[in-house]
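Down below is the structure, laid out as C-alpha cells.
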Amino acid sequence: MYTILICDDDRDIVSALDIYLTSEGYQTIKTYNGLEAIRAAETNEIHLILMDIMMPELDGIRATAKLREGSNVPIILLTAKSEDTDKILGLNIGADDYITKPFNPLEVIARVKSQLRRYTSLGGADKGPGLLTVGPISMDDGAKVVTVDGEAISLTPIEYNILKLLLSHPGQVFSSAQIYEQVWNDPAFGSENTVAVHIRHLREKIEINPAEPRYLKVVWGLGYKMERGSN
Amino acid sequence: MKKMQGSSWGKLLAVLLLLVTAFGAGHFALKSILNLPYVAAEDWQETSQFDRLLAERQEQLAQLCQLDMELMSGELSFVQQERKLRQYSQLMEGLRQENTWFRWQVLSSSSASILYTNLETQTLDQAVEAVRYATFTAGEHLVQNSGAEGEGSVFIELEEADGESGIYYAGIIPAAGEELLIQCGVPAQVDESVSDEFFALWKEYGENRANFQPNMMQTLACSLLCLGCFLYILWTAGHKEGEEGIVLTWQEHIFFDLYLAFLILAALGLCFLGLNFGDYLVYSIIYGENSGDLVPFMQEWILPALAALLVGTITLAARTFAVRLKGRALARSTLLCRVLMWLWRVLRDFFQSLPVTWRAVGLFAGYAVVGGYLLLTARYSALALGAWCLLNFAALVFLGWWTVSLSKLRQGTKAIAAGDLEYRVDTGRMPRDLKIQGEDLNNISLGLAGAVDEKMKSERFKAELITNVSHDLKTPLTSIINYVNLLKTTDQADPTAREYIEVLDRKSQRLKKLTEDLVEASKASTGVLSVNREKIGMAQLLDQAMGEWEERLRERQLTVITNLPEGETWVYADGRHLWRVIDNLLSNCAKYAMEGTRVYVDLTRGKGQVCLSVKNISREALNIPAERLMERFVRGEESRTTEGSGLGLSIARSLTELQGGQFDLAVDGDLFKASVTLPQAN
C-alpha cells in the first residue's frame with residue numbers, strides 16, 4: 001500500500017486525482033498548497049508526491065526544493081506552463097518527472113506507477129554484464145528480454161535490434177540510413193523510411209506518452225537517439 | 001577659486017584699490033617728474049631755478065644803478081628823493097653779504113673799473129663757484145645775461161668805501177647810456193647762516209635729489225598694485241556670487257562700439273584736461289608764477305585724480321570687453337556686427353527663399369560672369385589667371401560635395417527602402433537642400449521604426465495575453481477532462497447519456513488542442529520562440545515525418561507520393577520548428593484532403609534554395625483565396641464541424657518565417673498546394 005501526497009490549489013483537480021489513484025489502490029493525502037504539503041510529508045510516510053507548480057503560499061518549485069533537502073521521495077510536477085524552461089527548471093530543482101496540464105488521467109497513473117516501481121524495487125537493481133539500461137528501460141541481451149520499469153514488453157526482432165543499437169550508444173544520433181544499414185545489414189537505398197515506422201511503434205511500446213517521448217527521442221532532420229539516462 | 005571670482009566685496013575692494021593706487025601712482029609719478037630737473041643738473045648752480053634767481057638779482061643791480069644815477073642827478077623833488085632813497089636802501093639791504101649768498105660786482109665796461117660790489121676781501125673768483133656775466137645799459141632795467149662766458153673778466157681791488165654797509169662804491173657815477181658789466185656768482189657752499197633764496201634753492205636741490213628715488217619706487221609699487229587690481233577685475237569680470245556662468249550687467253546691454261566710443265571720448269577729455277593742467281604746472285614752476293595754493297593743490301590732488309579717473313575709464317572699457325568676450329556676446333552686442341549680421345541674414349533668407357532652380361541659375365550666372373571676366377583679363381595678368389583656376393577648382397569642389405552628398409542620400413534611401421529602419425543618413429556636412437531632404441528621410445525612417453516598434457510591442461502584449469489566458473483556461477480544462485473521464489467509467493444505463501459523454505470527451509480534447517495551438521501560434525507569430533538553426537537533412541526529416549503520418553494517412557485512404565532529389569538535401573533550420581511545419585501540413589492533408597486521392601510531397605533544390613511542396617485535393621470546394629487560408633482561425637469550410645483549430649497554416653507560416661524561410665499557399669480549383677522555401681546549406 002503506497003501513500004501518495006497530492007498537492008494542488010484547485011480542489012476539483014485534487015479530488016479527481018484522488019478518485020483515480022484510490023481506484024488504483026493507492027492511499028492519498030490531499031493538500032492545497034506547498035506549506036501543507038511539506039507539513040504532511042513530515043508527519044506521514046509518503047511514497048510519491050504529485051505537486052502543482054502555481055500555488056499560493058509556497059509554489060511547487062520552492063516546495064520541491066524544500067522537500068529535497070531531507071528526502072528522495074519521487075516528485076512529479078503538474079504544470080500549466082508548457083515552456084521548456086519551466087520543465088528544465090523543475091527537473092533541475094529535484095523533481096523526477098512532470099506532466100503538463102491539461103493532463104490525461106491515464107498518463108498520470110502510468111507515470112505514478114513508473115516512478116513508484118523505480119523508487120521501491122529498482123533502487124538497487126543489479127547491473128549485470130549484458131544488461132543495457134537507460135532510465136527505466138533495461139535490456140538483457142542474453143535472455144533477449146526488455147523491461148520498462150520492471151515490466152517486460154514484447155518487441156519484434158527488428159524493434160529489438162533497433163533498441164539494442166540505440167541503447168548501446170546512448171546520446172548518439174543515428175540517421176535512418178545508419179540504423180537501416182546496421183539492423184538490416186543491407187546498404188540503404190531509399191528503403192530506410194520503414195525505420196521511421198518501426199521506431200514509432202517502438203516508441204509507443206516503451207514511452208508513456210509517445211507524442212512526447214522522454215527516452216527514445218526524435219532528432220528532427222538528423223535521426224534518432226536514446227537519451228542518456230540520469231541513473 | 002569660484003568663490004573668489006564671485007565675491008562682490010572683493011570686486012568692490014579691487015575697484016577702490018585700483019583707484020587709490022592709480023591716484024598714488026599719478027601722485028608719485030608727478031613728484032618724480034618734478035624732481036627730474038634737479039636730478040638732471042649735476043650741480044645745484046646749473047639748474048634753471050638758479051639762473052632765474054641770478055637774473056632777478058641782476059635786475060636788482062640794474063635797478064640799484066638806475067636809482068643811484070637818479071639820486072645823484074639832483075633833479076628830483078624832495079618827496080621823490082625820499083621815496084627813491086627808501087627804495088635804494090631797501091635794495092642795498094637785500095644785496096649785502098650778510099643778507100645774501102649773492103656775490104657781485106658792477107663794472108664799467110669802458111674803463112673796466114668796478115662801480116659797485118659786495119665783496120669784501122676775496123676776489124669774486126675766490127668767493128664763488130662759477131662767475132656769471134651780464135651787461136646792461138646804465139639807466140635802464142634790462143639786463144643781458146651773458147652767462148659764464150662773459151668778456152673782460154677783470155677784477156679790480158676796491159677799497160672799502162663804506163664799511164658799515166658792506167657795499168663798496170668806487171664813487172663813480174656811471175654816465176647815462178654807458179654799457180655796464182655785471183660779474184656775479186654764488187659760493188659753492190651755502191648754509192643756513194644766511195637764509196636767502198639761494199640757500200632755499202640749495203636745500204630744495206638736495207631734497208629733490210634725495211626724494212627722486214623713493215618717489216620712483218613708490219610710483220612703481222603703486223603701478224604694479226594697480227596692474228594687479230586691473231587683472232583681478234578682468235579675471236572676476238562677469239562672475240557673480242551664487243550664479244553659474246557669465247552674468248551680463250547693464251553695461252553689456254549698451255552696444256559695445258557705442259560704449260567704447262563714449263569711454264574713449266571720456267578718456268580723451270581727461271587727457272586733454274591733464275595736459276592743460278600739466279602745462280600750467282610746468283609753466284608756473286619754470287617761470288615761478290606761483291598763484292597761491294593752486295600749484296601744490298594741483299600737484300597733490302587734481303593731476304593724480306585725473307590719472308585715477310583715466311585708469312578707471314580704461315578699466316571700465318577693458319572689463320566690459322572681457323565680460324563680453326567671456327560671455328561670447330562680443331559680436332552680438334556690437335552694433336556694427338549686428339547690422340552686418342542682419343544684412344547677411346536678409347540676403348541669405350532671400351537667396352534661400354528662391355526655388356532651387358533659380359538658385360542654381362543664379363549661381364551659374366555668377367560663376368559665368370566672374371569666370372568670363374577673369375578669363376578675359378587673364379591675358380594681361382597672371383593673377384587673374386590664377387584666380388580663374390582657383391574659381392574653377394572651387395566650383396569642382398562644390399560640385400563634388402553636392403554629388404557625394406547626393407550619393408549618400410541615395411544610399412540611405414536604398415537602405416531604408418530595403419527595410420533597414422535603423423539606418424540614419426548623416427546630414428552633418430551636406431548642402432542645405434540635401435540636408436533638408438536627408439532629415440526628412442531620417443524622420444520617415446524614424447516614424448516607420450516607431451510604428452514597427454509599436455506593432456511589435458502590441459503583438460508581444462497580445463502573445464502574453466493569450467499565453468496567460470490559455471494558462472488560466474488549462475486549469476479548469478484539466479478538471480473537465482478528468483471528470484469526463486470519470487463519468488465514462490460510471491455505469492450509464494441511458495444510451496443517450498453515454499452519447500453525450502462521448503461528445504463532451506471529444507469537445508474537451510478539441511478544446512485542449514485549441515488552447516495549445518493558440519499559445520503556439522501567438523508565440524510563433526511574435527517571435528518569442530527561440531530558434532536554434534543547424535544543418536538539417538530534409539530527406540531524413542521527411543522520412544521521419546512519413547514514419548509518423550503514414551499510417552494515419554493510410555487510414556484516410558490517402559497515398560503519399562514523395563519525390564526527392566538524389567542524396568541528402570541540407571538546409572539551415574531549427575529541426576523542431578521545421579517538424580512542426582511539416583506536421584501541420586500533413587495533418588492538414590489528413591483533415592481536409594479528399595479520401596482516395598494522392599498527396600504529393602516534392603523536394604526540389606536550386607539557386608541556393610530548397611523548396612518543399614505538399615499538394616493535395618481538397619475535399620470541400622476552396623472558395624476562399626489562398627492568402628485568407630493562412631489567417632488565424634480560417635478553414636477551408638465555414639461550418640467548422642471538422643476537427644482542427646484553423647491555426648495550423650498560420651503556425652506553419654510563422655515558424656517558417658522565424659527560420660528565415662518563405663511559406664506560400666496556392667489554390668487552383670480543388671488543388672491545394674503549400675510550399676516551404678528555405679535557404680540551402682552546403
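Chain A is the first sequence line, chain B the second, and so forth, proteins listed ahead of strands; every chain is numbered from 1. In what follows, every heavy atom counts, from backbone to side chain, and hydrogens, waters and symmetry copies are set aside.
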Please round to the nearest 0.5 Å and tell me the distance separating atom CG of A:Asn104 and atom OG1 of B:Thr478.
-> 11.0 Å
Answer with side chain, backbone, both or neither: which region of B:Glu548 has an atom nearer than 4.5 Å to a non-hydrogen atom of chain A?
-> both
From A:Met54 atom CE to B:Asp472 atom CG, the distance as rounded to the nearest 0.5 Å | 7.0 Å
Taking everything shown except B:Lys673 itself, do over 12 heavy atoms lie less than 6.0 Å from its NZ?
-> no
So which heavy atom on A:Ala196 is nearest to which on B:Gly547, and how close?
-> CB-CA, 3.4 Å
Checking B:Gln544, B:His577, B:Arg580 against A:Trp220 for side chain to side chain contact (heavy atoms under 4.5 Å, CB included), the one that qualifies is B:Gln544
Compute whether any side-chain donor of one residue and acceptor of the other, for A:Asp10 and B:Thr475, lie under 3.5 angstrom apart.
-> no
Taken to the nearest 0.5 Å, the spacing of B:Met546 CE from A:Thr194 OG1 works out to 14.5 Å
Give a yes or no on this: more than 12 heavy atoms of other residues, nucleotides or ligands lie within 6.0 Å of atom NZ of B:Lys535.
-> yes
Side chain, backbone, both or neither: which part of A:Val219 has a non-hydrogen atom closer than 4.5 Å to chain B?
-> backbone
For the residue pair B:Trp570 and A:Leu222, what are the closest heavy atoms and their distance?
-> CZ3-CD2, 4.2 Å
Would you mind checking which part of A:Ile19 comes under 4.5 Å of any heavy atom in chain B, side chain (CB onward), backbone (N, CA, C, O), both or neither?
-> side chain
Residue among B:Asn485, B:Leu578, B:Leu542, B:Ile536 with most heavy-atom pairs under 4.5 Å to chain A = B:Asn485
Under a 4.0 Å N-O cut-off, is there an ion pair linking B:Glu551 with A:Arg200?
-> yes
Between B:Ser530, B:Gly575, B:Pro476, which residue shows the highest count of heavy-atom pairs closer than 4.5 Å to chain A?
-> B:Gly575
Could you tell me which non-hydrogen atom of A:Pro102 sits nearest to which non-hydrogen atom of B:Lys474, and how far apart they are?
-> CD-CG, 3.7 Å
Check whether A:Ser15 gets within reach of chain B through its side chain, its backbone, both or neither, counting any heavy atom under 4.5 Å.
-> both
Checking A:His198 against chain B: side chain, backbone, both or neither under 4.5 Å from a heavy atom?
-> neither
Please say whether more than 12 non-hydrogen atoms of neighbouring residues, nucleotides or ligands are located less than 6.0 Å from CZ in B:Arg498.
-> yes
Between atom NZ of B:Lys512 and atom OG1 of A:Thr100, what is the distance when rounded to the nearest 0.5 Å?
-> 7.0 Å
Heavy atoms from other residues, nucleotides or ligands near CD of B:Glu595 exceed 12 (cutoff 6.0 Å) | yes
B:Ser479 side, atom OG; A:Lys101 side, atom NZ - distance, nearest 0.5 Å | 8.0 Å
Test item: B:Ile481 and A:Phe103 side chains (from C-beta on) under 4.5 Å apart, heavy atoms = no
